[in-house]
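Each ligand, and each atom within it, is numbered from 1 in the order the structure gives. Throughout, numbering of the chain's residues begins at 1 and tracks the sequence. What you see is a predicted model, and the numbers here were worked out from it, not measured in a lab.
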Amino acid sequence: MQLANLIMIGPQGAGKGTQSGLLAEKYGYQIIGLGKILRDHVNKRDILGKKIQRLLERGELVNDAIIEEIIREKLESIPLDQPLIIDGFPRTLNQAHLLQRLFLVKDRPQPQALYLNLPRSVILARLAHRRECNDCGTIFKFLPKLFKPLICPKCGGPISGRSDDRPEVVEARLNIFFSQTFSVIDYYKKLDRLIEIDAAGTIEEVAAQIEHALRLPHRETPHVESN
Ligand code: AMP
């Protein structure tokens, strides 16, 4: 079965990372997570990391030239027949055009967009409890009681809150989502490549909706103890 390439669109807290992880685990997708790649640069404190740190702390978008270089380089290293999930890109109309060009030149099948839709009030409540493994990026909605002191049960890395989940930064990121990323949703709708998912359910419910919409064969959702 040929799996479609996917892009995940949605406000922070909608479950893009969690659902991407499940699809990767169950069906063999490879994830390109732009936010995670950028945060890794910041954590490593390399040249790029120092350049973009302030932007990430404020929840603002990194400029397109940097994003283009990262995504271009990443795509070069992945075989054309490897099904992909791109999480966190495109976030602007310009980036959507760029993605289309990058896929076209290599004859990579154009992606299907999944829009994880979640009301603002639910987003704010979810983010207040979100924690993330600094190493593998696994997201925890509640701290796993069994794994104190804050060690990731998957890889043993340290778990902490994300600095860009602070309320004032969340507000800035939500504003960017509704002012800029919404045009990306429109773009894929016009191409008839948009699937809208109600992201307010449980992890398993949202996963089932996605599988149904993509006509994927049903596979058990691994139980995520800490979520
Ligand atoms: P995320 O983990 O996807 O929420 O991304 C975290 C942060 O990384 C965002 O708030 C932006 O500062 C930056 N970022 C991630 N993806 C992009 C992108 N496609 N374009 C510009 N900035 C991005």
Participant: To the nearest 0.5 angstrom, please state how far the CG atom of Leu38 sits from the CD1 atom of Ile66.
Facilitator: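 Between Leu38 CG and Ile66 CD1, I get 8.5 Å after rounding to 0.5 Å.
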Participant: Check each atom of ligand 1 against the heavy atoms of Leu34 and keep those under 4.0 Å away; list them by number with element.
Facilitator: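 Contacts of ligand 1 toward Leu34, numbered from 1: 16 (N).
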Participant: Using a 3.5 Å cut-off on N or O atoms only, is Val62 in polar contact with ligand 1?
Facilitator: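 So ligand 1 has an N or O lying under 3.5 Å from an N or O of Val62.
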Participant: What do the steps show when you test Gln209 against Glu205 for side chain to side chain donor-acceptor pair (under 3.5 Å), and what is the final call?
Facilitator: CA-CA 6 Å; Gln209 265 189 76; Glu205 285 164 357; over 6 Å; no
Participant: Mark up the atoms of ligand 1 that fall under 4.0 Å of a heavy atom belonging to Gln95, in ascending order.
Facilitator: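 With Gln95 as reference, the close atoms of ligand 1 come out as 18 (C), 19 (N), 20 (N), 21 (C).
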Participant: Determine yes or no for a side-chain-to-main-chain donor-acceptor pair under 3.5 angstrom, with Gln82 supplying the side chain and Ile78 the backbone.
Facilitator: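 Checking the backbone N and O of Ile78 against the side chain of Gln82, no donor-acceptor pair under 3.5 Å is found.
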Participant: With atom 3 (O) of ligand 1 as the reference point, say which of Arg54, Gln12, Arg39, Arg91 has the nearest heavy atom.
Facilitator: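 Going through Arg54, Gln12, Arg39, Arg91 one by one, Arg91 has the nearest heavy atom to atom 3 (O) of ligand 1.
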Participant: Taking the side chain as every heavy atom from C-beta outward, state whether Leu116 and Ile9 have any atom pair closer than 4.5 Å.
Facilitator: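 A side-chain contact under 4.5 Å is absent here.
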Participant: Are any of the side-chain nitrogens in Arg39 or Glu132 under 4.0 Å away from the carboxylate oxygens of its partner?
Facilitator: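 Looking at Arg39 and Glu132, the cut-off is met.
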Participant: Please check: side-chain N/O of Lys189 versus main-chain N/O of Ile195, any donor-acceptor pairing under 3.5 Å?
Facilitator: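 Looks like no, no N/O pair under 3.5 Å.
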Participant: Looking only at protein heavy atoms, which one is nearest to atom 12 (O) of ligand 1, and what is the separation?
Facilitator: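 That would be Glu60 O, 2.5 Å.
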Participant: Side chain, backbone, both or neither: which part of Ile67 comes within less than 4.0 Å of ligand 1 when only heavy atoms are counted?
Facilitator: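 For Ile67, only side-chain atoms sit under 4.0 Å from ligand 1.
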Participant: For ligand 1, note which part of Lys36 has a heavy atom under 4.0 Å away: side chain, backbone, both or neither.
Facilitator: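 The answer is neither; Lys36 stays 4.0 Å or more away.
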Participant: Measuring from atom 23 (C) of ligand 1, which candidate in Ile176, Ile86, Leu38 has the nearest non-hydrogen atom?
Facilitator: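 Nearest option to atom 23 (C) of ligand 1, by heavy atoms: Leu38.
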Participant: For Gly88, does its backbone N or O pair with a side-chain atom of Arg91 as donor and acceptor, under 3.5 Å?
Facilitator: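 Pair found, side chain donor or acceptor close to backbone of Gly88.
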Participant: Can you report which non-hydrogen protein atom sits closest to atom 10 (O) of ligand 1, along with the distance?
Facilitator: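 It is Arg173 NE, 3.4 Å.
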Participant: Write out the residue and atom name of the closest protein heavy atom to atom 7 (C) of ligand 1, then the distance separating them to 0.1 Å.
Facilitator: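 Scanning the protein heavy atoms, the shortest distance from atom 7 (C) of ligand 1 goes to Leu56 CG, 4.0 Å.
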Participant: What is the nearest protein non-hydrogen atom to atom 5 (O) of ligand 1, stated with its residue, atom name and distance?
Facilitator: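 Checking every protein heavy atom, the shortest distance to atom 5 (O) of ligand 1 gives Gly35 CA, 3.5 Å.
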Participant: Hey, is ligand 1 close enough to Gly88 that some N/O pair sits below 3.5 Å?
Facilitator: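 By distance alone, the answer is yes.
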Participant: Counting N and O atoms only, with roles assigned by atom type, does the side chain of Asn5 sit under 3.5 Å from a partner on the main chain of Leu84, one being a donor and the other an acceptor?
Facilitator: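 Side chain of Asn5 to backbone of Leu84: a pair is present.
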